[in-house]
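What you see below is based on every heavy atom in this structure, not just the backbone, and it leaves out hydrogens, waters and symmetry mates.
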Number of protein chains: 2
Amino acid sequence: MHRVIPQASDDRHVRYEAMPDDALERALATLREGGHRVTGARRAVIETLAELDGHPGAEDLCERIRQRYPAVHRATVYRTLETLAAIGVVTHVHISGGATAYHLASEAGARPHLHASCRTCGSIMDLPDGMLDSVSRDLLEAHGFELDPRHVALSGTCKDCRGAG
Amino acid sequence: MHRVIPQASDDRHVRYEAMPDDALERALATLREGGHRVTGARRAVIETLAELDGHPGAEDLCERIRQRYPAVHRATVYRTLETLAAIGVVTHVHISGGATAYHLASEAGARPHLHASCRTCGSIMDLPDGMLDSVSRDLLEAHGFELDPRHVALSGTCKDCRGAG
DNA sequence: TTATGTGCAAACTGTTTGCGCGAAG
DNA sequence: CTTCGCGCAAACAGTTTGCACATAA
C-alpha cells in the first residue's frame with residue numbers, strides 16, 4: 001500500500017475540526033521511534049481514530065475504515081490498536097458487556113480521565129481522573145491491591161436513563 | 001467402578017459436605033414464589049453453585065454440572081442463571097476481559113460486597129460493600145450518574161502479582 | 001392439559017491466531 | 001534483502017436464540 005489516500009475534498013460527513021494531521025504525524029513519529037514500520041493500514045487507523053468522536057470500539061473503527069480503505073482488514077485494525085496501545089499512542093478502556101473503547105492519547109482535550117458507562121443506553125461519559133484516588137489508596141493499604149482506575153469503565157445508570165426509567 | 005468419589009445419580013440427597021440443601025431449598029422456594037417451575041436442571045445449577053468456591057463463571061458451572069448431570073445443557077445453565085439472577089437468588093459480577101462470575105446471594109458469609117480482579121493472574125477478591133459510597137455520592141451529585149458498584153469488578157494488580165512483577 | 005422449560009444446533013459479538021505473501025526499511 | 005506487517009480464513013470464548021419436544025403444575 002502506498003500513500004494514495006483519497007483525502008476527500010467532497011466530504012459530507014467528515015469534519016476536520018482540530019486538524020488530525022498533527023496528531024497523525026506525532027503518532028507516526030512515535031511509531032518510528034519504537035522501531036515500528038509506518039504502513040498505510042496504520043495511517044488509516046490513526047487518521048480514523050482522530051476523526052471519530054466519542055468512544056468508538058474496534059468494530060466501529062473497522063466499519064469507518066472500510067468506507068475509505070476497504071483493503072484494510074479487521075484483524076489488522078485489532079493488531080494495530082494493540083501496537084499503538086503498547087507504545088502509548090492510543091488508550092483503551094474496557095466496557096462491561098461491550099466492546100473495548102479506544103482513543104488517541106494525544107487527542108485535544110484528552111488528558112487522562114476515567115469512564116463510566118450506562119448499563120441501560122450504553123453511553124460512555126468521561127470523569128475526572130482523580131475520582132478514585134482515595135479508593136486507590138485504601139485498596140493499596142488495606143489489601144495490597146493496586147487499582148488501575150482507567151482500565152475499566154464504572155457501570156451504572158446515566159442521568160437521562162434515570163429520568164426515563 | 002463404584003464410589004471412588006461419592007456420586008449423585010438418581011439420588012437426590014447425596015451430600016458429602018455439609019449443608020447446601022438449606023440454600024437449595026430456600027432457592028427453590030423463591031423460584032416457586034416467583035411462579036417459576038422447579039426442574040432438575042435448576043436444582044443442578046443451584047446445587048452446583050452452592051458447592052463451588054470462589055467466583056465461578058458460567059462455563060465453570062457447565063463443566064462441573066456436566067460431571068454429574070450430563071443431560072443439562074450449557075444453554076440451560078445460562079438461562080437458569082438469568083432467571084435466578086432476576087429473582088435475586090444469585091448475584092453476578094462482570095469481570096473485565098473474562099467471564100461473568102456468579103454466586104448464590106444467600107451463601108454463608110455472602111452479604112453484599114464488591115469485587116476487584118487482578119489483570120495479571122485473573123484472581124478475584126471481595127471488598128467491603130461501602131468502599132465506593134463516597135464516589136457514588138459524588139457521581140450522583142456532580143453528574144447525575146447512579147453508580148452500581150457491585151455490577152462490575154474493579155481492575156488492577158493483586159498483592160502477589162505486584163510482588164512478582 | 002398447557003404453558004414453561006429444555007436440549008440441540010446454530011448464530012452472534014468481540015477478539016485472536018496461523019499462514020504465506022508482499023512491502024517497508 | 002530481510003524482516004515485519006498484512007490480508008485472509010479460521011478459530012476462539014462467552015453468550016444468545018429459534019425451534020420442536022418434554023414435563024411440572
Side-chain angles (χ1 to χ4, degrees), chain A residues 1-5 27-29 31-46 55-66 69-87 89-90 92-102 117 122 152-153, chain B residues 12 27-29 31-46 55-66 69-87 89-90 92-102 117 122 152-153:
Chain A
M1 204 186 278
H2 209 295
R3 178 102 213 219
V4 193
I5 296 178
L28 297 182
L31 220 31
R32 285 192 196 93
E33 281 158 28
H36 299 95
R37 293 180 182 175
V38 171
T39 68
R42 285 173 178 176
R43 277 177 202 276
V45 170
I46 297 163
H55 295 86
E59 280 320 305
D60 298 321
L61 277 166
C62 288
E63 197 183 327
R64 182 58 170 263
I65 286 170
R66 196 166 47 237
Y69 312 99
V72 175
H73 196 269
R74 217 171 49 253
T76 302
V77 173
Y78 278 95
R79 281 190 278 228
T80 299
L81 287 171
E82 197 186 3
T83 302
L84 295 177
I87 60 174
V89 167
V90 313
H92 61 272
V93 65
H94 298 284
I95 311 296
S96 162
T100 301
Y102 294 86
S117 72
V152 191
Chain B
R12 277 195 262 83
L28 297 182
L31 219 31
R32 285 191 195 94
E33 281 158 27
H36 298 96
R37 294 180 180 175
V38 170
T39 66
R42 285 173 178 175
R43 278 179 201 275
V45 170
I46 297 163
H55 296 85
E59 278 323 302
D60 299 320
L61 277 166
C62 288
E63 197 185 326
R64 181 60 170 263
I65 286 171
R66 196 168 47 239
Y69 310 99
V72 175
H73 195 269
R74 217 170 50 250
T76 302
V77 173
Y78 278 95
R79 282 189 278 226
T80 298
L81 288 171
E82 196 186 4
T83 302
L84 294 177
I87 62 174
V89 167
V90 314
H92 61 271
V93 201
H94 298 285
I95 310 296
S96 162
T100 300
Y102 295 87
S117 72
V152 191

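Take B:Ala101 and apply the side chain to side chain contact (heavy atoms under 4.5 Å, CB included) test, not counting sequence neighbours, and it matches B:His55, B:Ile95, B:Ile124. A:His94 meets the ring-ring contact (aromatic ring centres under 6.0 Å, His included) test with A:His92, A:His151; sequence neighbours excluded.
With rounding to whole Å, B:Ile95 atom CD1 is found 16 Å from D:dT15 atom C1'. Rounded to whole Å, the distance from CZ on A:Arg42 to P on C:dA24 is 12 Å. Going from atom CG of A:Leu31 over to atom C1' of C:dG25 covers 13 Å, rounded to whole Å. Whole-Å rounding puts the B:Tyr69 OH to C:dG7 C1' distance at 18 Å. In this structure, A:Ile65 places its CD1 atom 11 Å from P of D:dC6, rounding to the nearest Å. The distance from atom CG of B:Asp60 to atom P of D:dA13 is 13 Å, rounded to the nearest whole Å.
In this structure, A:Arg37 CZ and A:Thr83 OG1 are separated by 12.5 Å, a value rounded to the nearest 0.5 Å. Rounding to the nearest 0.5 Å places CD1 of B:Ile46 at 4.5 Å from CG of B:Leu28. With rounding to the nearest 0.5 angstrom, the CZ atom of B:Arg42 is 7.0 Å from the CG atom of B:Leu84.
The two atoms that bring B:Ala99 and B:Gly57 nearest to each other are CB-CA, 4.4 Å, heavy atoms only. Heavy atoms only, all atoms of each residue included: A:Ala153 and A:Ser117 are closest at CB-N, 4.2 Å.
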Nucleotides 22-25 of chain D: which of its N/O atoms have a protein N/O under 3.5 Å away?
residue, atom, partner, partner atom, Å
D:dA24, O3', B:Val38, O, 3.4
D:dA24, N3, B:Arg37, NH1, 3.3
D:dA25, OP1, B:Val38, N, 3.0

Check your understanding: For every nucleotide of nucleotides 11-17 of chain C, 5' to 3': is a protein heavy atom under 4.0 Å from its base (B), only from its sugar-phosphate (S), or from neither (-)?
Key -> ---SBBB
In residues 71-82 of chain A, what donor-acceptor pairs under 3.5 Å come from side-chain atoms, sequence neighbours left out?
residue, atom, partner, partner atom, Å
A:His73, ND1, A:Ala75, N, 3.0
A:Tyr78, OH, A:Glu59, OE2, 2.7
A:Thr80, OG1, A:Thr76, O, 2.7

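No side-chain heavy atom of B:Val89 sits less than 4.5 Å from a side-chain heavy atom of B:Leu31.
Comparing the axis of the opening five pairs of the helix from C:dT1-D:dA25 to C:dG25-D:dC1 with that of the closing five pairs yields an angle of 30°, rounded to 10°.
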